[in-house]
Amino acid sequence: MPYEPPTHTVERSLRATTGAEIIAGVDEVGRGAWAGPVTVCAAVTGLRRPPVGLTDSKLLTIKRRTELAEELRTWVTSHALGHASPEEIDAMGMTAALRLAAVRALEALPVRPDAVILDGKHDYLGAPWKVRTVIKGDQSCVAVAAASVLAKVQRDKMMAELGSEHADFGFADNAGYPSPVHKAALAERGPTPHHRLSWAYLDALPQWRHLKKVRSWMDGSAPEIEGQLGFDF
């Protein structure tokens, strides 16, 4: 399907209205997975013409995404990745885990960015970072698209490596997301050490339900259910 290539429009706007010079695009992958970390990439690209075919990683074939990631690693001005583990996700919830992973990525950049373009409509990063949220930023903004591809390829590689220890779960193919192979392995073998144990899929697995971790909500906040899809996916 044809798509419009990403542009530097948002970056130019931020430069003009805020005086920001170093702007990082930020995108995440793994939010809705049942296993593995949530991964965030921060990428700084400047205003150079992007590689041909750059777009949201989900719109690319595995082959093209992998090729593009290799090109991007030397094309971007700088980039860094941050991860939040399944244990951290279970302990603090997805929003806080996303922030943790994003801060780890941003703080790993060689130079602190003046502003951040964050994919989506929700600012999970917050102060002291100066954030501009952009819905479908991974399709429309060059820096966010670059972050999208780099994050996806790196996390897929990590999940494939984890999958070598747990071949029945098919992590190399499903990256920890629900799939028939993944569900069948869960039902038979139960969760691996890489699974998120606060997710709702465990409610449908009576023999493993005792492993579910439930966080208390003493602060009065409501439980987060985003990404915690049940077994009937």
Side-chain angles (χ1 to χ4, degrees), residues 1-16 20 22-33 36-83 94 98 101-102 105-106 108-109 113-125 129 131-160 171-179 226-227:
M1 177 183 293
Y3 52 82
E4 292 293 323
T7 69
H8 294 295
T9 299
V10 177
E11 289 184 50
R12 294 184 189 279
S13 173
L14 281 170
R15 285 170 178 256
I22 301 174
I23 300 171
V26 170
D27 198 16
E28 57 79 20
V29 63
R31 182 196 302 247
V38 64
T39 296
V40 174
C41 181
V44 178
T45 65
L47 299 177
R48 291 172 295 151
R49 183 185 298 275
V52 174
L54 178 63
T55 188
D56 173 12
S57 63
K58 297 185 292 296
L59 300 179
L60 299 168
T61 64
I62 294 175
K63 181 176 183 294
R64 180 57 185 141
R65 188 165 60 224
T66 303
E67 293 172 346
L68 195 53
E70 189 65 29
E71 185 176 357
L72 285 168
R73 290 187 186 100
T74 56
W75 177 82
V76 297
T77 303
S78 62
H79 79 284
L81 291 128
H83 312 278
M94 180 52 74
L98 277 171
L106 288 164
L109 291 171
D114 302 312
V116 174
I117 305 172
L118 190 62
D119 181 52
K121 64 180 179 180
H122 174 58
D123 177 10
Y124 57 76
L125 192 54
W129 304 94
V131 177
R132 172 77 61 87
T133 57
V134 179
I135 296 174
K136 294 187 177 181
D138 47 11
Q139 295 182 37
S140 61
C141 301
V142 170
V144 180
S148 168
V149 172
L150 290 166
K152 173 66 174 168
V153 170
Q154 180 61 32
R155 187 180 182 278
D156 282 357
K157 180 181 178 182
M158 292 171 62
M159 293 306 298
F171 289 159
D173 297 317
N174 59 50
Y177 284 84
S179 71
E226 184 176 8

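Along the sequence shown, residues carry numbers from 1.
- A heavy-atom distance below 4.5 Å is not found between the side chains of H79 and L72.
- Across all their heavy atoms, P50 and W75 have their closest contact at CA-CZ2, 3.5 Å.
- To the nearest 0.5 Å, the span separating CG on L68 from NZ on K152 amounts to 14.5 Å.
- In terms of heavy atoms, H83 sits closest to P37 at CB-CB, 4.3 Å.
- Considering only heavy atoms from C-beta on, L47 comes within 4.5 Å of R15 through its side chain.
- Residues Q154 and C41 have side chains not in contact (no heavy-atom distance under 4.5 Å, counting atoms from C-beta outward).
- Between I22 and L109 there is no side-chain heavy-atom pair separated by less than 4.5 Å.
- A 4.5 Å side-chain heavy-atom check between L14 and I117 finds at least one atom pair inside the cut-off.
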Show me the donor-acceptor pairs within less than 3.5 Å that the side chains of residues 137-151 make with the rest of the protein, sequence neighbours left out.
unit_1	atom_1	unit_2	atom_2	d
D138	OD2	K58	NZ	3.4
S140	OG	K136	O	3.3
S148	OG	D27	OD2	3.4
S148	OG	D56	OD1	3.4
S148	OG	S57	N	3.0
S148	OG	S57	OG	3.0

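- The two residues V38 and G30 have their closest heavy-atom pair at CG2-C, 4.2 Å.
- The two residues A175 and M159 make their nearest non-hydrogen contact at O-CG, 3.7 Å.
- Sequence neighbours left out, not one pair with a member in residues 40-54 passes salt bridge (Lys or Arg N to Asp or Glu O under 4.0 Å).
- Between D123 and W129 the shortest side-chain heavy-atom distance does not fall below 4.5 Å.
- Closest non-hydrogen pair, A105 versus G82, comes out as CB-N, 3.5 Å.
- Side-chain contact between R65 and I62 is present, with heavy atoms from C-beta onward closer than 4.5 Å.
- For the pair Y177 and R31, the tightest heavy-atom approach, listed with the atom from each and the gap, is OH-N, 3.8 Å.
- Distance check: M158 CE to T39 OG1 gives 5.0 Å after rounding to the nearest 0.5 Å.
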